[in-house]
Amino acid sequence: MRTRQVTVLGRALRTGQARLGLALLAVVALVVAFGPFFARYAQDAIVGPPLETPSARFPLGTDILGRDVLSRLLNGGLTLSWMAILAAGLGVFLGCLVGLTAAYRGGAVDATLMRAMDVLMSFPEIVFVLLFVAMLGRGTLLTSVLVGVAFVPGVSRVMRGAARPVIGSEHVLWAKANGLPPRRILLREVLPGVTSPLMVEIGMRMVWAVSAIASLSYLGFGIAPPAADWGRMVGENQDGLPVAPLPVLAPITLILMMALGGNLVAESVARVVGRTDGKG
């Protein structure tokens, strides 16, 4: 089973689409990891007149407060990255837990869990996060957790659908007949059989987490000012867009590269999984 998953992943990553996605993600990862070391100014330092055009001193100009756009760009990706990874990881973990439990238990447990997921799914993700932020207060960790919880219904439904045929297979029925504990059956017998859709979910939720968290940062629910954040940079400088577009376009470009790169890789894996399952 593990060999099959490695083969699927390897075939997906050999496609031109996946390679392009990986290249985009690599560029963003380099900016996130090493950008702060190359920033010329502190991210909150006012170093020039507002909305100054690009020059040798300010390659991307200055923002609406007179801060160096390039320095803020190089410092601004870390928060978005760890928040997106945390949100996607939490959403996939909890969604997988709920979906596998519902598929394994069936009956009343299945119905109860899925009805609860229907209630959560009735709230748009952004509205769900904003509702709880309004009650509990703003914070990067809280926002990440709420975005992750908002992903749980969708992930749980996918994993439940993928797990049900596996749970009905002979090796799982044999494990049940021999009295193996449910947790061991789920981890050792069921989970390896659903890793292909699980990989797709991880990729897609990562893309959606980037989009959701960047949108929330734009609305002011990400990292607190004056610290740099790509989503917040767009919101802060949108009024100066007609005069100085780079303070807005530069962070948007990196956000799009991150989202598009992840989407290309996830779609490549999904296509290979679909072809492999169809042949199987």
Side-chain angles (χ1 to χ4, degrees), residues 17 19-88 126 129-130 138 140 143-144 147 206-266:
Q17 178 175 306
R19 289 177 179 177
L20 175 59
L22 288 174
L24 293 174
L25 291 176
V27 171
V28 176
L30 289 173
V31 173
V32 171
F34 300 106
F37 298 104
F38 294 94
R40 185 174 181 181
Y41 303 100
Q43 54 186 315
D44 59 346
I46 297 177
V47 294
L51 302 179
E52 184 172 330
T53 57
S55 62
R57 183 184 177 191
F58 307 118
L60 296 180
T62 60
D63 68 2
I64 203 164
L65 295 179
R67 298 169 297 192
D68 180 41
V69 173
L70 179 59
S71 296
R72 289 181 64 77
L73 195 72
L74 294 175
N75 281 292
L78 182 60
T79 302
L80 174 62
S81 299
W82 75 255
M83 289 178 69
I85 292 172
L86 175 60
I126 298 296
V129 175
L130 292 178
R138 186 182 68 178
T140 53
T143 300
S144 302
V147 171
M206 185 65 195
V207 172
W208 294 344
V210 169
S211 302
I213 291 174
S215 299
L216 290 165
S217 295
Y218 170 81
L219 295 173
F221 294 97
I223 188 171
D229 176 83
W230 291 344
R232 177 171 287 278
M233 287 176 67
V234 177
E236 289 174 337
N237 297 290
Q238 60 180 349
D239 291 339
L241 184 60
V243 179
L246 286 179
V248 173
L249 296 182
I252 284 180
T253 299
L254 288 175
I255 293 172
L256 289 177
M257 287 175 63
M258 184 185 295
L260 179 60
N263 186 63
L264 290 174
V265 174

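The first residue in the sequence is number 1, and the count goes up from there.
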Q: Would you sort out whether Val147 and Trp208 count as a side-chain contact (heavy atoms from CB on, under 4.5 Å), showing the intermediate values?
A: CA-CA 10 Å; Val147 171; Trp208 294 344; over 6 Å; no
Any donor-acceptor pair under 3.5 Å from [X] side chain to [Y] backbone:
| X | Y | result |
| --- | --- | --- |
| Gln43 | Ala228 | yes |
| Trp230 | Leu254 | no |
| Ser71 | Tyr41 | yes |
| Thr62 | Glu52 | yes |
| Asn237 | Ile64 | yes |

For [X] and [Y], which heavy atoms make the closest approach, and how far apart are they?
| X | Y | result |
| --- | --- | --- |
| Ser81 | Val32 | OG-CG2, 3.5 Å |
| Ala212 | Ile126 | O-CD1, 4.0 Å |
| Ala214 | Leu80 | N-CD1, 3.9 Å |
| Pro36 | Val31 | CD-O, 4.0 Å |
| Leu246 | Pro251 | O-CD, 3.9 Å |
| Arg57 | Val47 | NH2-O, 3.1 Å |

[X] [atom1] to [Y] [atom2] distance, which is reported to the nearest 0.5 Å:
| X | Y | atom1 | atom2 | value |
| --- | --- | --- | --- | --- |
| Leu256 | Asn263 | CG | CG | 11.5 Å |
| Asp68 | Leu60 | CG | CG | 7.5 Å |
| Asn75 | Phe37 | CG | CZ | 10.5 Å |

(Q) Under the criterion side-chain contact (heavy atoms from CB on, under 4.5 Å), I'd like the reasoning laid out for Leu24 against Met258: C-alpha separation, chi angles, the key distance, then a yes or no. (A) CA-CA 7 Å; Leu24 293 174; Met258 184 185 295; over 6 Å; no
Q. For Thr79 and Asp229, does a side-chain donor sit closer than 3.5 Å to a side-chain acceptor?
A. no
Q: Hey, could you give me each pair passing salt bridge (Lys or Arg N to Asp or Glu O under 4.0 Å) that has a residue in residues 70-87? Not counting sequence neighbours.
A: Asp63-Arg72, Arg72-Glu236
Would a 4.5 Å heavy-atom cut-off, applied to side chains only, mark [X] and [Y] as touching?
| X | Y | result |
| --- | --- | --- |
| Ile85 | Met206 | yes |
| Arg67 | Pro247 | no |
| Val248 | Met233 | no |

**Q.** Criterion side-chain contact (heavy atoms from CB on, under 4.5 Å) against Val129, the qualifying member of Ile213, Leu216, Leu219
**A.** Leu216
